[in-house]
Amino acid sequence: MPSPPPPVPAPRSLSVSSLIFKCTDNEKKNFKDDIVTFNIGGHIYSTTYSTINENVDSQSLLALIISNRTTTSLDKNGHYFIDRDGTYFRYILNYFRDKKLFLPENFTELKQLCSEAKFYQIDRLVNEIENRLNTTNEQNKQLQIGLNFTLISNLNQGGKILTLIGPLKLIYLFHIEPIGRQFLKTISNFNDPTNISCQCTFPVDDKLISCQPFDQLQRIVLAKQARKMGMAVSYCDDYFYIPIERQIMLRDELAQLLLNKYNGKLLHTNITYEKKSNTDHDGSYTLVENWFIPNISIIKCLETNGIMNQDGNIYSNTSMTD
């Protein structure tokens, strides 16, 4: 009779503690000794000596502090105390860790952060923040240069736009048909539409914009060009019509477009009331608004429509304060 097989040993269970990496006493001591803690205006931050010493700038104030090359106070817990704004120090410390500056979207306190970086003597970080400040300042400057115009709408008709008074280029804000875009592109070769001031009206239920330049010579020249391209023109060459692809938007829709997409600013508002007759109790309320739109937003609109001048220049000398 064959002998029974030898018993198979049961699998050994592994305790959680046996899976934990065990440091030697020296390793624990070395790791503990590498930690440094700062108290920045009451905010506690911990990092390692190597993070401060081996990154960014060896001559930074933090590097000088932890190497005892300068003196600083200690708090009651033995942490290095620095009397600065602790909310900004998170970005300072993360710059040491990542060697890059990461900021939240729409961060608006670059000047304060730059002041902190200068205090901590981190030259590379100061340079990076100053470059961002210069870019932001240039963008803000561009937002102050643009076009002013007047918008008139009828409140009794749900805010129907009646009239737009300003540079002809502003009709790019509306959904003009290809022939209209081609017309504006053609005339821009000899006169920038930014420099053509006109009154644009919006006939009821018609997909047209009636444009009447204030300058008589411009009025005649543009009307002839419009007729040449097969567009509708008034009998006396007083104004021309630019077709649009859909019914004109209401005032609120245009206002949201200006504010949210094109960085527009509403400068002034006035409401007028007009009676049709002495016995008429239902008069007409008209909203008159003065708006400003930056040139860079006009460029954005032109790029959206695939239209630019050959030199790409649409800037005028008008500022928001003019």
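The basis for the numbers below is simple: all heavy atoms, side chains too, and nothing from hydrogens, waters or symmetry mates.
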(request) Check for a donor-acceptor pair, side chain of T51 on one end and backbone N or O of T47 on the other, with a separation under 3.5 Å. (result) no
(message) Tell me whether I82 shares a hydrophobic cluster with L74, the cluster being built from Ile, Leu, Val, Met, Phe, Trp, Tyr side chains joined at under 4.5 Å.
(response) yes
(message) Can you confirm whether F240 sits close enough to I209 that some side-chain heavy atom of one is under 4.5 Å from a side-chain heavy atom of the other?
(response) no
(request) Kindly indicate whether the side chain of I242, heavy atoms from C-beta on, has any atom under 4.5 Å from the side chain of I171. (result) yes
(message) Within the structure provided, determine whether Y241 and V233 are in side-chain contact (heavy-atom separation under 4.5 Å).
(response) no
(request) Search all heavy atoms of L113 against all heavy atoms of I92 and return the closest pair with its distance. (result) CD1-CD1, 4.2 Å
(message) Would you say the rings of F149 and F292 are close, in the sense that their centroids are separated by under 6.0 Å?
(response) no
(request) Examine the side chains of N94 and R97 and answer whether a donor and an acceptor come within less than 3.5 Å of each other. (result) yes
(request) Specify the closest pair of heavy atoms between S60 and I122, including all atoms of both residues, with the distance to one decimal. (result) CB-CG1, 4.1 Å
(request) Kindly compute the distance separating SG (C211) from CE (M231), expressed to the nearest 0.5 Å. (result) 7.5 Å
(request) State, yes or no, whether a side-chain contact exists between L168 and I187 at a heavy-atom distance under 4.5 Å. (result) yes
(request) Apply side-chain hydrogen bond (donor to acceptor under 3.5 Å, both in side chains) to E109 and Y88, showing your working. (result) CA-CA 9 Å; E109 301 177 74; Y88 296 114; 2.4 Å; yes
(request) Using side chain to side chain contact (heavy atoms under 4.5 Å, CB included) as the criterion, point out the one residue from I248, I244, L208 that pairs with F202. (result) I248
(message) Set out, in order, the CA-CA distance, both residues' side-chain angles and the distance that settles side-chain hydrogen bond (donor to acceptor under 3.5 Å, both in side chains) for T201 and T163, then state yes or no.
(response) CA-CA 4 Å; T201 57; T163 307; 6.0 Å; no
(message) If you define the side chain from C-beta out and look only at heavy atoms, does anything of I152 sit under 4.5 Å from T286?
(response) yes
(message) Check this for me: does any side-chain nitrogen of one of K207 and E177 sit under 4.0 Å from a carboxylate oxygen of the other?
(response) no
(message) Check this for me: does any side-chain nitrogen of one of K118 and D123 sit under 4.0 Å from a carboxylate oxygen of the other?
(response) no
(message) Determine whether M229 and Q182 satisfy the following criterion, side-chain contact (heavy atoms from CB on, under 4.5 Å), listing intermediate values before the conclusion.
(response) CA-CA 9 Å; M229 297 181 64; Q182 183 60 41; 3.7 Å; yes
(message) Would the distance check show the side chain of S197 and the main-chain N or O of G166 forming a donor-acceptor pair, the cut-off being under 3.5 Å?
(response) no
(message) One thing to verify: whether E245 and R181 come together as a salt bridge, which I'm taking to mean a side-chain N less than 4.0 angstrom from a carboxylate O.
(response) yes
(request) Please indicate whether R90 has more than 12 foreign heavy atoms, meaning atoms of other residues, nucleotides or ligands, lying under 6.0 Å from its CZ. (result) no
(request) Examine distances only and state if a side-chain atom of T135 and a backbone atom of N131 form a donor-acceptor pair shorter than 3.5 Å. (result) yes
(message) So L287 and T272, do their side chains get closer than 4.5 Å, heavy atoms only?
(response) no
(request) To the nearest 0.5 Å, tell me how far K169 NZ sits from L184 CG. (result) 8.0 Å
(message) How long is the straight-line distance from CG of N263 back to CD1 of I293, given to the nearest 0.5 Å?
(response) 8.5 Å
(message) When you measure from the side chain of D75 to the backbone of N77, do you find a donor-acceptor pair of N or O atoms at a distance under 3.5 Å?
(response) yes
(request) Kindly compute the distance separating CZ (R251) from CG (L162), expressed to the nearest 0.5 Å. (result) 13.0 Å
(request) Evaluate side-chain contact (heavy atoms from CB on, under 4.5 Å) for I66 paired with L62, printing each intermediate quantity in order. (result) CA-CA 6 Å; I66 65 175; L62 298 181; 5.7 Å; no
(request) Is it possible for you to say whether L61 and V126 belong to one hydrophobic cluster, with membership spreading through side-chain heavy-atom contacts below 4.5 Å? (result) no
(request) Compare every heavy atom of I161 with every heavy atom of S153, then report the nearest pair and how far apart it is. (result) CB-CA, 4.0 Å
(request) With side-chain contact (heavy atoms from CB on, under 4.5 Å) as the test, would you mind laying out the steps for L147 and N295 before giving the verdict? (result) CA-CA 7 Å; L147 307 176; N295 278 328; 3.9 Å; yes
(request) Find the distance between CG (L222) and CZ (R227) and round it off to the nearest 0.5 Å. (result) 12.5 Å
(message) Taking K261 first and then E253, would you say they form a salt bridge - that is, a charged N and a carboxylate O separated by under 4.0 Å?
(response) no
(message) If I compare all heavy atoms of Q218 with all of N195, which pair ends up nearest, and what's the gap?
(response) NE2-O, 3.8 Å
(request) Nearest 0.5 Å please: distance from the NE2 atom of H79 over to the CD1 atom of I40. (result) 11.5 Å
(request) Answer whether the closest heavy-atom distance between the side chains of L151 and N290 falls below 4.5 Å. (result) no
(request) Mind listing the closest non-hydrogen atom pair of P243 and I179 along with its distance? (result) CG-CG2, 3.4 Å
(message) Give me the atom names and distance for the closest heavy-atom approach of C114 to E130.
(response) SG-CG, 3.9 Å
(request) Considering only NZ, NE, NH1 and NH2 on the basic side and carboxylate oxygens on the acidic side, decide whether R219 and D238 come within less than 4.0 Å. (result) yes
(message) Once ring-ring contact (aromatic ring centres under 6.0 Å, His included) is applied, do any residues pair with F81, and if so which ones, sequence neighbours excluded?
(response) none
(request) Indicate, with yes or no, if Y239 and F214 share a hydrophobic cluster defined by side-chain heavy-atom contacts under 4.5 Å among Ile, Leu, Val, Met, Phe, Trp and Tyr. (result) no
(message) Please report whether the ring centroid of Y285 lies less than 6.0 Å from that of Y273.
(response) yes
(message) Could you check whether any side-chain N or O of N154 sits under 3.5 Å from a backbone N or O of N156, counting only pairs where one atom can act as donor and the other as acceptor?
(response) yes
(message) Let's go through L125 and Y91 carefully: what are the C-alpha distance in whole Å and the side-chain angles of both, what is the deciding distance for side-chain contact (heavy atoms from CB on, under 4.5 Å) to 0.1 Å, and is it a yes or a no?
(response) CA-CA 10 Å; L125 179 56; Y91 306 115; over 6 Å; no
(request) Tell me whether W291 is reachable from I165 by hopping between hydrophobic residues (I, L, V, M, F, W, Y) whose side-chain heavy atoms are closer than 4.5 Å. (result) no
(request) Report whether L103 and Y95 are members of the same hydrophobic cluster (ILVMFWY, side-chain heavy atoms less than 4.5 Å apart, transitive linking). (result) yes
(request) Step by step, work out the ring pair (Phe, Tyr, Trp, His ring centres under 6.0 Å) result for F89 and Y120. (result) CA-CA 10 Å; F89 189 75; Y120 292 109; 5.4 Å; yes
(request) Can you sort out the partners of F119 under ring-ring contact (aromatic ring centres under 6.0 Å, His included), two or more places apart, ordered by chain and number? (result) none
(message) Would you say that L254 contacts F174 through its side chain, given a criterion of any heavy-atom pair below 4.5 Å between the two side chains?
(response) yes
